[in-house]
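Here the structure is a predicted model, which is why all the values come from computation and not from measurement. Side chains are part of it too, since the values below use all heavy atoms of this structure and drop only hydrogens, waters and symmetry mates. Note on naming: letters A, B, ... go to the chains in the order of the sequence lines (proteins, then strands), and numbering restarts at 1 for each one.
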There are 2 protein chains.
Amino acid sequence: MKQSDIDKIRQFDRFYTNVLKLTDKYHLHTHYTLLEARILLEINAGTNTANQLLTLLKLDKGYLSRVLKKLENDKLISKEVDPSDLRIKKLILTNDGHAALDVINSRADSQIEGLFANVPSEDINNIIKSMEEIQNKLKE
Amino acid sequence: MKQSDIDKIRQFDRFYTNVLKLTDKYHLHTHYTLLEARILLEINAGTNTANQLLTLLKLDKGYLSRVLKKLENDKLISKEVDPSDLRIKKLILTNDGHAALDVINSRADSQIEGLFANVPSEDINNIIKSMEEIQNKLKE
DNA sequence: TCCATTGGTTGACATAAGCAACTAAATTAA
DNA sequence: TTAATTTAGTTGCTTATGTCAACCAATGGA
């Protein structure tokens, strides 16, 4: 692989780290952390056991366990033992959890809108195409 | 802005957060944190006052001050008062700092190589084009 | 039945990050 | 020229975030 290619990729990584840092602040206006928001999102999308979240989000299991407990204490999720394997607990969004996720999602959407406010719509289309290109080629 | 566009962008953000999480582990094999590595990189690239780092990296100034002090204690950087404004301290990489940065850079390069190991070189070219497209259109 | 593995929890601890109050130097404005 | 404001950076204190290892109970295989 060419060194100049590596340099370009690393530069993009630095650039996009900053972009994410900006947009990732959406949780600031709710009282959930970025990680909590992400977890609610993923549970809602069907990643509904601690172990699945673990592989998806690459966290420490003890840490995740505590975050999930906090979400449970806050009544955003509930846990339901899987009858076919009593070790597994299915994670379920409560009504409050859905409501919280709705707020988080709309704030996150607004953040993206803000970030792209000054970008012409033609450019937006190109950016999205580029994002899809990256994902398609990079996801193994 | 179309909701479907926002959704695609948010999905890319989640995807690339994971990519960064993977690649950003390069510091694990050195004994510097990701932030320390980034700071050394930026100082070397010319961002050489605490205040400049602050706006670039969007950190708390107190926190940054401590991280810089640690780098100074570890003899990776030194501080030199700017004669034209005694409040400002120019940050300078020491020899050890340069050496550390070399190690960090080569580890980071290897990480990128690893990530792209299975990607055909034609795809790599397309990915890089896409990355440049995103940066060009998005940077204000 | 014994043993290794798996999903998840807990305790103890370490590191990262944030806020606010504070110096000292520089700038503005009177 | 001095008084008020702003700026660059530091420090004390606190909370948030993350790590490691030991652990328990359920499972599956030899």
Side-chain angles (χ1 to χ4, degrees), chain A residues 17-18 20-22 24-40 42-43 46-74 76-92, chain B residues 17-18 20-22 24-40 42-43 46-74 76-92:
Chain A
T17 297
N18 283 339
L20 291 173
K21 239 175 142 176
L22 284 178
D24 278 1
K25 294 292 180 193
Y26 63 77
H27 65 278
L28 276 184
H29 303 284
T30 70
H31 58 282
Y32 308 107
T33 69
L34 191 58
L35 177 59
E36 288 166 347
R38 179 76 193 265
I39 288 172
L40 293 178
E42 297 300 346
I43 291 175
T47 307
N48 59 0
T49 73
N51 216 29
Q52 288 174 332
L53 288 174
L54 230 48
T55 55
L56 181 67
L57 302 178
K58 282 118 193 156
L59 303 167
D60 175 75
K61 62 198 305 213
Y63 179 42
L64 177 62
S65 176
R66 267 175 255 261
V67 176
L68 290 175
K69 186 197 271 178
K70 192 203 161 203
L71 291 175
E72 193 180 16
N73 287 341
D74 291 355
L76 300 185
I77 67 171
S78 64
K79 295 173 183 169
E80 194 172 275
V81 174
D82 182 341
S84 75
D85 183 340
L86 303 184
R87 293 169 305 178
I88 298 173
K89 298 175 184 176
K90 292 280 178 191
L91 305 169
I92 302 155
Chain B
T17 297
N18 283 338
L20 290 173
K21 239 176 142 177
L22 284 177
D24 279 0
K25 295 291 180 191
Y26 62 77
H27 65 279
L28 277 184
H29 303 284
T30 69
H31 59 281
Y32 308 107
T33 67
L34 191 57
L35 178 58
E36 288 165 347
R38 179 76 192 266
I39 288 171
L40 293 178
E42 297 301 346
I43 291 174
T47 307
N48 58 0
T49 73
N51 215 30
Q52 289 174 332
L53 289 173
L54 230 47
T55 55
L56 180 68
L57 303 178
K58 282 118 192 158
L59 304 167
D60 175 74
K61 61 198 309 214
Y63 178 43
L64 177 63
S65 176
R66 267 175 253 261
V67 176
L68 290 176
K69 186 195 273 178
K70 191 202 161 204
L71 290 175
E72 193 180 15
N73 288 340
D74 289 356
L76 299 186
I77 66 171
S78 63
K79 295 174 182 169
E80 193 172 278
V81 173
D82 181 342
S84 75
D85 183 341
L86 303 184
R87 295 168 305 177
I88 297 173
K89 299 177 183 174
K90 293 279 179 192
L91 305 170
I92 302 153

Nearest-Å distance, NZ (B:K58) to C1' (C:dA16)? 19 Å
What's the CG-P distance between A:L57 and D:dG18, to the nearest Å? 11 Å
Please confirm whether any donor atom in the side chain of A:K89 sits under 3.5 Å from an acceptor in the base of C:dG8, or the reverse. no
Tell me if a side-chain donor or acceptor on A:D74 pairs with a main-chain N or O of A:L76 at a distance below 3.5 Å. no
With distance as the sole criterion, do the side chain of A:R87 and the base of D:dT27 form a donor-acceptor contact below 3.5 Å? no
Assign B:D85 to base, sugar-phosphate, or nothing according to its heavy-atom contacts below 4.0 angstrom with the strands shown. sugar-phosphate
When the distance from CG of B:L34 to P of D:dT19 is rounded to whole Å, what number comes out? 12 Å
Picking from C:dA25, C:dT9, D:dA26, which would you name as closest to the side chain of A:K79? C:dT9
Side-chain donor or acceptor of A:Q52 paired with backbone N/O of A:N48 under 3.5 Å: yes
Spacing of B:K61 atom NZ relative to C:dC22 atom C1', expressed in whole Å: 10 Å
Please state how far atom NE2 in B:H31 lies from atom P in C:dA14, giving the value in whole angstrom units. 19 Å
Taking atom C1' of C:dG18 as reference, at what distance in whole Å does atom CG of B:L64 sit? 13 Å
Can you find a heavy atom in the side chain of A:I88 that is under 4.5 Å from one in the side chain of A:N51? no
Measure CD1/B:I88 against P/D:dT6 and give the value in whole Å, please. 18 Å
Do the side chain of B:R66 and the base of D:dG12 come within less than 3.5 angstrom through a donor-acceptor pair of N or O atoms? yes
Name the closest nucleotide to the A:N51 side chain, picking from C:dA25, C:dG7, C:dT9. C:dG7
OP1 or OP2 of D:dT11 under 4.0 Å from side-chain N/O of B:K69: yes
DNA chain C nearest-nucleotide lookup for B:K70 and A:K90: closer to the 5′ end is A:K90
B:L86 has its side chain closest, among C:dA26, D:dG9, C:dT9, to C:dA26
What are the two closest non-hydrogen atoms of B:L64 and B:L59, and how far apart are they? CD1-CD1, 3.9 Å
Less than 4.5 Å apart, side chain to side chain, heavy atoms only: is that true for A:T47 and A:L91? no
Check the distance between C:dA14's P and A:D60's CG and give it to me in whole angstrom. 16 Å
